[in-house]
2 protein chains.
Amino acid sequence: MVVATRADEIVDIAARLFYERGYPSVSTRSLAQAAGIQAGSLYHHFTSKEEILYRIVQYGSGEFFAGLLPHLEEPGLSYAARLDRFVRAYITDAQPRRYAIAVLFRDMAHLSPDHFAELQAVRRHFQQAVQRFLADGVAAGDFDVPDAKVAGIAVLDLLKGIDAWIREPGRLGRRQVADTYAVLILQLMGASL
Amino acid sequence: MVVATRADEIVDIAARLFYERGYPSVSTRSLAQAAGIQAGSLYHHFTSKEEILYRIVQYGSGEFFAGLLPHLEEPGLSYAARLDRFVRAYITDAQPRRYAIAVLFRDMAHLSPDHFAELQAVRRHFQQAVQRFLADGVAAGDFDVPDAKVAGIAVLDLLKGIDAWIREPGRLGRRQVADTYAVLILQLMGASL
DNA sequence: GTCTATAGCTTGATAGAC
DNA sequence: GTCTATCAAGCTATAGAC
């Protein structure tokens with residue numbers, strides 16, 4: 001029962017614009033134009049431009065990160081198999097939230113101090129869960145890396161970077177990129193399926 | 001015989017500011033203040049704010065990329081050994097150009113169309129040289145990846161991402177990060193020294 | 001090479017009518 | 001929920017004195 005309010009529609013439009021041009025380069029006027037209204041009308045739905053950014057990244061981050069972590073804990077699967085599923089899910093799932101995630105990573109610094117701290121905590125929780133999983137895999141002998149924390153950063157860096165270069169349609173579809181990255185990341189972790 | 005002109009000094013200061021806050025968020029006033037002059041005085045040295053950005057990324061990219069490629073062609077070394085040196089050089093060399101490289105990757109889109117195309121070509125040339133090297137290594141049987149082009153993107157993504165998270169001083173110094181990343185990237189390429 | 005002063009424009013945000 | 005009109009502030013860039 002998802003009823004998209006007018007505010008939600010505008011948030012979606014803003015997510016795409018912020019993703020394409022960056023938060024500071026999108027004026028309230030150009031955002032309003034994309035939504036088919038006047039700039040002043042935005043302030044019926046939001047109290048500030050920053051609130052729109054906050055709504056985007058909050059919407060994007062919460063469910064996205066929460067939906068990925070269960071892959072790391074699927075029972076009955078090896079560490080390598082769980083990492084494989086996590087990587088594939090990161091790349092191919094959550095299409096509607098893609099813009100939001102990319103905006104989160106690039107434009108977070110433009111949030112108010114309070115909002116920044118809140119989202120930073122969400123990010124950190126996610127990153128630490130991944131790092132803990134990788135460290136456990138190392139302890140279990142399934143992964144082989146010099147430093148599990150740095151490996152975690154590397155893995156997440158690789159995943160978040162994809163949207164910056166992938167072209168759709170391109171030589172490889174999202175599914176094939178997921179296949180390739182799953183192999184590369186398992187190799188990076190010194191593991192195999 | 002490097003005589004730093006006043007313009008060069010300002011370019012250096014701008015590189016740091018653009019790196020920290022992003023090009024659109026740094027006003028000519030705040031840049032001028034950091035340089036100890038008035039905003040209007042900037043236009044004695046440059047014709048526009050965009051020219052400053054251009055000077056930064058041109059200075060940063062040219063020598064940096066050119067200095068790294070020879071590591072991929074060092075005679076008498078295996079593909080793995082050459083990649084190892086390339087990775088270490090990328091991370092530890094060129095300290096003075098660090099800001100410029102980071103600005104290049106993040107704020108390139110704010111260049112004029114001509115300048116953008118020029119720098120894009122430099123970047124592409126570098127990326128293709130790396131991809132060619134990796135493909136040759138695969139053909140020689142020293143590397144094992146599903147797709148050399150994607151592997152090249154992954155390797156360069158990892159390297160360019162480091163400056164976004166490394167803290168100096170931090171738990172690991174730049175040298176130790178280089179040690180760790182050299183191992184991770186060789187593993188990612190399915191190689192060993 | 002730097003200053004002061006300012007033009008011309010765009011920005012985020014507000015007020016009040018409908 | 002959207003409009004019009006507008007404010008105050010900030011922006012890049014220019015002109016001319018020193």
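In what follows, chains carry the letters A, B, and so on, assigned in the order in which the sequence lines appear, proteins first and then strands, with residues in each chain numbered from 1.
C:dG12 atom C1' lies 17 Å from atom CD of A:Q33, rounded to whole Å. Between B:F46 atom CZ and D:dT14 atom C1' there is a gap of 17 Å when expressed in whole angstrom units. Following rounding to the nearest Å, A:K49 (NZ) and D:dA9 (C1') show an atom-to-atom distance of 15 Å. What separates NE2 of B:H110 from P of D:dC11 is a distance of 15 Å, to the nearest Å. Separating the CG atom of B:L42 from the P atom of D:dA15 is a distance of 16 Å, rounded to the nearest angstrom.
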Sub-3.5 Å pairs of nitrogen or oxygen atoms, protein against nucleotides 2-4 of chain C:
from: C:dT2; atom 1: OP1; to: B:R6; atom 2: NE; distance (Å): 2.6
from: C:dT2; atom 1: OP2; to: B:H45; atom 2: NE2; distance (Å): 2.9
from: C:dC3; atom 1: OP2; to: B:Q38; atom 2: N; distance (Å): 2.5
from: C:dC3; atom 1: OP2; to: B:S41; atom 2: OG; distance (Å): 3.1

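Contact of B:R29 with D:dG10 (side chain to base): no donor-acceptor pair of N or O atoms is detected under 3.5 Å.
Classified by interplanar angle (parallel below 30°, tilted 30° to 60°, perpendicular above 60°), the ring pair B:F133/B:Y79 is tilted.
By the 6.0 Å contact criterion, NZ on B:K160 is enclosed, its count of non-hydrogen atoms from other residues, nucleotides or ligands being greater than 12. For B:F105, the CZ atom counts as densely surrounded, since its 6.0 Å shell holds more than 12 non-hydrogen atoms of other residues, nucleotides or ligands. Within a 6.0 Å radius of CZ in B:R171, other residues, nucleotides and ligands contribute more than 12 heavy atoms.
Checking the phosphate oxygens (OP1, OP2) of C:dT14, no side-chain nitrogen or oxygen of A:Y43 falls inside 4.0 Å. Between B:S27 and the phosphate of D:dG10, there is no side-chain N or O to OP1/OP2 separation shorter than 4.0 Å.
Partner A:R123 forms a side chain to side chain contact (heavy atoms under 4.5 Å, CB included) with one of A:M108, A:E118, A:Q128 and no other, that one being A:M108.
At a threshold of 4.0 Å, the pair B:D84-B:R88 counts as salt-bridged, since one of the basic side-chain nitrogens sits closer than that to a carboxylate oxygen.
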